Number of protein chains: 2
Amino acid sequence: MHEKPTHVVSAVVLQARSGQLQVLLWQRRQPPFDGAFALPGGYLLPGETLEDSIRRHLAEKVDVRELSHIEQLVTTSDPARHPSEWQVATAYLGLVPSDLDPTLPSDTSWHRVADLPETAFDHGVIISTGRERLRAKLSYTNIGFALAPHSFSISELRDLYTAALEHEVSATNLQRVLLRRELLEATGELRHSGPSGGRPAALYRFRSRTLSITDQFAVLRPPGQHG
Amino acid sequence: MHEKPTHVVSAVVLQARSGQLQVLLWQRRQPPFDGAFALPGGYLLPGETLEDSIRRHLAEKVDVRELSHIEQLVTTSDPARHPSEWQVATAYLGLVPSDLDPTLPSDTSWHRVADLPETAFDHGVIISTGRERLRAKLSYTNIGFALAPHSFSISELRDLYTAALEHEVSATNLQRVLLRRELLEATGELRHSGPSGGRPAALYRFRSRTLSITDQFAVLRPPGQHG
DNA sequence: TAAGTTATCGACTGGAAGTAGAAAACCTCG
DNA sequence: CGAGGTTTTCTACTTCCAGTCGATAACTTA
């Protein structure tokens with residue numbers, strides 16, 4: 001038989017924290033890339049699927065039950081990606097709701113995606129791929145559920161979208177679009193805002209907390225489905 | 001070190017042929033899945049990337065220069081996917097323009113995606129994934145270039161979209177949308193249609209023949225970019 | 001030259017979404 | 001208790017996108 005590559009898995013774990021999209025990184029303490037920051041992950045073991053494997057590795061960093069969504073991102077295979085070992089690497093995208101603050105091991109911490117430190121291997125590009133995937137899916141799926149708490153006001157949701165999309169989002173439009181798509185529903189409760197007063201916000205929740213694609217895209221719909 | 005999986009690559013090669021979306025399949029002549037149809041592909045070799053590898057394997061089936069587009073689709077890893085070997089498999093999506101008719105080896109042929117024979121491994125789901133990827137990208141990218149000849153009439157293009165999307169498409173809308181997005185340009189030439197007369201069709205071409213994403217999606221655009 | 005066929009164009013329409021301002025519902029302070 | 005400030009929510013207006021349909025153009029064939 002042929003020589004075989006080693007298969008490793010990693011994850012881009014994203015969370016909207018204090019108005020910024022942040023990613024979970026681990027600081028390496030051995031070569032190669034000693035001192036640089038890397039995505040959490042590790043080796044694929046016999047008998048497990050790639051998704052099992054990344055969940056197992058992530059469990060060492062954050063409680064896996066805190067992940068609201070996980071999906072496969074991309075598999076990279078540049079023979080030169082690791083200086084001494086032939087590796088094929090599959091990256092996943094994981095999301096954590098904004099109301100959780102997992103306790104992290106001392107070598108692991110959150111970093112703003114917009115302002116990354118020196119990263120190991122090809123992890124810089126992979127993080128960009130993850131952010132782009134999230135941005136795209138915010139537009140045509142209900143993936144917002146994975147960034148948001150179970151219930152939230154429209155303003156809070158707007159802030160999450162703003163952080164992830166990195167541009168201003170109108171609360172009016174966001175509410176109208178998500179309600180028309182029947183992705184949100186009102187809980188019937190109100191939240192009395194904290195220090196500075198103001199009208200209490202109505203609270204909403206996502207109808208479903210599993211990924212669903214919104215219809216077709218804008219154009220070239222089947223005929224008879226106007227608008 | 002750990003035990004390692006074998007890494008294999010495969011490709012969903014699609015073409016719009018005689019009004020139907022079709023996929024290139026190869027009939028197996030050994031176990032497992034003796035007699036079933038499988039995606040073309042094979043083992044990953046040392047020193048090559050996954051994309052290099054699938055191009056090398058495809059070269060045995062179709063001339064690689066006939067592929068107008070190729071992109072990574074998904075990596076599957078079910079430990080039970082192969083009865084005797086631990087495999088991780090990366091699938092690619094490849095597209096062939098409708099005006100080419102590659103000469104194929106005797107064990108390989110085109111099959112309508114809407115009416116597939118018995119397939120080997122997890123190849124049935126992978127083909128579905130490929131078709132869905134193509135359908136989605138027809139809506140928000142210029143990927144039509146990969147299905148179409150270098151120049152074509154709007155009606156011909158409409159027929160390609162109809163085959164790939166599996167629903168009727170209006171030539172009027174298609175032309176208006178693709179022109180507004182500046183994906184198409186007129187060649188200035190006319191084609192005198194064959195047997196039954198009619199007004200000669202103006203010919204068009206795609207401005208670019210590499211994948212480009214059309215702007216943002218419909219909703220939640222940055223402000224100031226109206227419409 | 002009339003009839004049939006195919007392609008192209010333009011006008012109409014409903015709906016999606018950006019914008020802005022008014023109104024509602026709360027707070028705090030005098 | 002009421003005035004003023006703050007935040008949220010609603011509504012009206014507007015622009016743009018795309019589905020529909022009918023008219024027109026340019027050809028072939030009888």
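By convention in this document, chain letters (A, B, ...) are assigned in the order of the sequence lines, proteins followed by strands, and residues within each chain are numbered from 1. Values in this document were obtained by computation on a predicted structure and should not be read as measured data.
- For the pair L165(A) CG and dG18(C) P, the computed distance is 12 Å after rounding to whole Å.
- Of the candidate nucleotides dC17(D), dG19(D), dT9(D), dG19(D) has the atom nearest to the side chain of N173(B).
- The side chain of P200(B) lies closest to dA26(D), out of dA16(C), dA26(D), dA25(C).
- Between F206(A) and F152(A), the two ring planes are tilted [angle within 30° to 60°].
- For E189(B) and dC27(D), the CD to C1' distance is 18 Å, given to the nearest whole Å.
- Atom CG of L190(A) and atom P of dA25(C) are 10 Å apart (whole Å).
- Between R176(A) and the phosphate of dC10(D), there is no side-chain N or O to OP1/OP2 separation shorter than 4.0 Å.
- A side-chain donor from one of T75(B) and T90(B) sits under 3.5 Å from a side-chain acceptor of the other.
- To the nearest angstrom, C1' of dG15(C) lies 17 Å from CG of L179(A).
- Base engagement by T172(B) is indicated by at least one non-hydrogen atom pair under 4.0 Å involving a base atom.
- The CG atom of L184(A) sits 12 Å away from the P atom of dT9(D) (whole-angstrom rounding).
- Contact check, S170(A) against dG18(C): no side-chain N or O comes under 4.0 Å of OP1 or OP2.
- Judged by distance alone, the side chain of H69(A) and the main-chain N or O of L95(A) form no donor-acceptor pair under 3.5 Å.
- Put simply, the side chain of L25(B) does not reach to within 4.5 Å of the side chain of T108(B), judged on heavy atoms.
- Looking at which nucleotide of DNA chain C each of I154(B) and G198(B) is closest to, the 5′-most match is held by G198(B).
- Comparing dA25(D), dA17(C), dA18(D) by their nearest atom to the side chain of R199(B) picks out dA25(D).
- Atoms NE2 (H192(B)) and C1' (dT29(D)) sit 16 Å apart, rounded to a whole Å.
- Using a 4.0 Å heavy-atom criterion, one finds that A171(B) contacts no nucleic acid atom at all.
- Looking at N142(B), its side chain never comes within 3.5 Å of a backbone N or O of R209(B) through a donor-acceptor pair.
- In this structure, R158(B) atom CZ and dT20(D) atom P are separated by 14 Å, rounded to whole Å.
- dG19(D) atom C1' lies 17 Å from atom OH of Y161(B), rounded to whole Å.
- At least one side-chain nitrogen or oxygen of Q175(B) sits closer than 4.0 Å to the OP1 or OP2 atom of dC9(C).
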